[in-house]
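Structure first, then comments.
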Amino acid sequence: MRSPARLRTPAWNHIGPGHPTPRRTRSALIPKWPLRETHTGTFNRILVTPMRPLDILLGKSIPGMVIGMLEATVSIIAAVYWFDVRLRGGLLELYTGLLLFTAAVTGIGLMISSISATQQQALLGAFLFMVPSIILSGFATPIANMPPLVQDLTWINPMRFAPVVIRRCFLEQPSFASLLTDYAAMAVLAALSLTTAAWLFRKRSA
């Protein structure tokens, strides 16, 4: 009688390196603060201060980015020391991708907040963004197996690029130059989302 087959490589080595990405998405999508402060009256007090709208926007977005990076660090430590997934790449390459991804998602969260009238609308908007972005990220289903139109839509999804950077940093030893395409895509998405969020916030506060 033959012995049962056993996996030589744990499945976590392939799935685990990209798993923290949805967690960081939930952390960076913090779109409720302007609505909550509008309802409590503190938002109008902030607007009469000498600070510019850009300063207020940065002050509200940086904490969300910091929380997202801290959760990413906890996930990386758990993957390396708890699940015994070897980190073959460098921390510079890994954290550069994480920072760009968190900035892009934070900008999207602020955009959702700026166009929402209530906290319930903001939460629904964040949910409606998060679920399709995870599905279209290639995390569960390879992007190559998706219809061509859907594959084109994934190019505006920052979660398409973040898992690639994370997996390559864990499973390979990529150079910084080899990841420039993914970095550039996330940087463009971050610039567009943050710029649009700043414009919407300025329009809302006018």
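Quick caveat: nothing in here was measured; it's all calculated off a predicted structure.
A 4.5 Å side-chain heavy-atom check between F101 and L189 finds every atom pair outside the cut-off. Between I108 and P158, some side-chain heavy-atom pair lies under the 4.5 Å cut-off. Annotation: side chain of S175 is not in contact with side chain of E93 (no heavy-atom distance under 4.5 Å). Between V165 and M186, the closest side-chain pair of non-hydrogen atoms falls below 4.5 Å. The shortest side-chain heavy-atom distance between C169 and I166 does not fall under the 4.5 Å cut-off. Between L136 and M146 the shortest side-chain heavy-atom distance falls below 4.5 Å. Side-chain contact check for T102 versus M69: some heavy-atom pair is nearer than 4.5 Å. Using a 4.5 Å cut-off on side-chain heavy atoms (C-beta onward), I76 and L94 make contact.
Checked against side-chain contact (heavy atoms from CB on, under 4.5 Å), T195 has no partners two or more places apart in sequence or in another chain. Taking the ring pair (Phe, Tyr, Trp, His ring centres under 6.0 Å) definition, one finds that Y95 meets it with nothing, sequence neighbours left out.
Residues V164 and F170 do not share a hydrophobic cluster, clusters being chains of Ile/Leu/Val/Met/Phe/Trp/Tyr side chains in contact below 4.5 Å.
No more than 12 heavy-atom neighbours from other residues, nucleotides or ligands sit within 6.0 angstrom of CD1 on I156.
Between Y183 and F161, the distance separating the two ring centers is not shorter than 6.0 angstrom.
The closest side-chain donor-acceptor pair between R160 and S137, if any, does not fall under 3.5 angstrom.
Applying the under-4.5 Å side-chain rule to Ile, Leu, Val, Met, Phe, Trp and Tyr, the cluster around V188 extends to L192.
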